[in-house]
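Nothing fancy with the numbering, it's 1 onward along the sequence. What's counted below: heavy atoms across the whole structure, side chains too, no hydrogens, waters or symmetry copies.
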Amino acid sequence: KVYLISVLVITTNDIPSGWLQYTKGYSDQKTCEKYIKDNAANIIWQLQNYLNKDRLVAIKEMKCMTTKEAVDLNTTLGH
C-alpha cells in the first residue's frame with residue numbers, strides 16, 4: 001500500500017468538505033504520520049497558499065490514507 005498525506009478541508013466550494021491528498025507517497029503509514037507530526041505547520045501553510053484565504057474556511061483533520069480511502073470518503077461527501 002502507498003499512504004499519502006490527506007487533509008480534510010472546508011472550503012467555500014459548492015460541496016464544502018473534501019479530502020485533499022499530497023502526491024508524495026509513503027510505503028509505511030508510521031513514516032507518513034511522523035511526517036505530518038513533524039511538519040503540520042508547513043502543511044497548513046502550503047494549503048493556505050494553494051487554496052488561498054478566499055476559498056479555505058478550515059482545516060479539520062490531517063492523516064495518512066490510501067488513494068482509495070480518500071476517494072471513498074470524498075464520494076460519501078458528495079464528490
Side-chain angles (χ1 to χ4, degrees):
K1 287 185 176 181
V2 175
Y3 296 93
L4 304 168
I5 296 168
S6 308
V7 185
L8 178 60
V9 296
I10 309 298
T11 67
T12 58
N13 294 344
D14 290 339
I15 301 173
S17 299
W19 287 93
L20 296 179
Q21 289 194 301
Y22 276 53
T23 56
K24 180 180 178 186
Y26 297 86
S27 59
D28 177 298
Q29 190 170 8
K30 296 253 185 245
T31 303
C32 181
E33 290 169 353
K34 182 174 180 353
Y35 185 89
I36 290 174
K37 182 180 176 187
D38 294 346
N39 297 281
N42 190 43
I43 293 167
I44 291 167
W45 180 84
Q46 290 173 358
L47 284 169
Q48 287 170 332
N49 285 310
Y50 176 70
L51 291 172
N52 75 53
K53 291 179 171 69
D54 295 335
R55 289 181 32 213
L56 181 63
V57 175
I59 296 170
K60 300 298 278 180
E61 186 177 354
M62 285 190 277
K63 65 182 187 176
C64 297
M65 65 176 81
T66 65
T67 298
K68 182 182 180 336
E69 290 169 324
V71 167
D72 291 345
L73 289 170
N74 277 333
T75 299
T76 301
L77 292 171
H79 293 277

Would you mind writing out the side-chain donor-acceptor pairs for residues 11-21 within the sub-3.5 Å range, not counting sequence neighbours?
{"unit_1": "Thr11", "atom_1": "OG1", "unit_2": "Asn13", "atom_2": "N", "d": "3.2"}
{"unit_1": "Thr11", "atom_1": "OG1", "unit_2": "Asn13", "atom_2": "ND2", "d": "3.3"}
{"unit_1": "Thr11", "atom_1": "OG1", "unit_2": "Pro16", "atom_2": "O", "d": "3.3"}
{"unit_1": "Gln21", "atom_1": "NE2", "unit_2": "Ser6", "atom_2": "OG", "d": "2.9"}
{"unit_1": "Gln21", "atom_1": "NE2", "unit_2": "Met65", "atom_2": "O", "d": "3.3"}
{"unit_1": "Gln21", "atom_1": "NE2", "unit_2": "Thr66", "atom_2": "O", "d": "3.3"}

TODO: Check step by step if side-chain contact (heavy atoms from CB on, under 4.5 Å) holds for Thr31 and Tyr3.
DONE: CA-CA 9 Å; Thr31 303; Tyr3 296 93; over 6 Å; no
- [ ] Evaluate side-chain contact (heavy atoms from CB on, under 4.5 Å) for Leu8 paired with Leu77, printing each intermediate quantity in order.
- [x] CA-CA 11 Å; Leu8 178 60; Leu77 292 171; 4.2 Å; yes
TODO: Kindly indicate, with the supporting measurements, whether the criterion side-chain contact (heavy atoms from CB on, under 4.5 Å) is fulfilled by Cys32 and Leu4.
DONE: CA-CA 7 Å; Cys32 181; Leu4 304 168; over 6 Å; no
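We find the CD-CG distance between Gln46 and Leu51 to be 11.5 Å, quoted to the nearest 0.5 Å. With rounding to the nearest 0.5 Å, the separation of CG in Asn49 from CD1 in Ile44 is 12.5 Å. Rounding to the nearest 0.5 Å places CD of Glu33 at 12.0 Å from CG of Asp38. Here Lys37 contributes atom NZ and Lys30 contributes atom NZ; the two are 11.5 Å apart, rounded to the nearest 0.5 Å. Once rounded to the nearest 0.5 Å, the distance linking CD1 of Ile43 with CD of Gln48 reads 12.0 Å.
With Leu47 as the partner, the side chain to side chain contact (heavy atoms under 4.5 Å, CB included) test is satisfied by one option alone out of Asn52, Asn42, Val7: Val7.
Between Ile59 and Met62, the shortest heavy-atom distance links the atoms CG2-CG, 4.5 Å.
Transitive grouping of hydrophobic side chains (ILVMFWY, heavy atoms separated by less than 4.5 Å) brings Tyr50 and Tyr22 into a common cluster.
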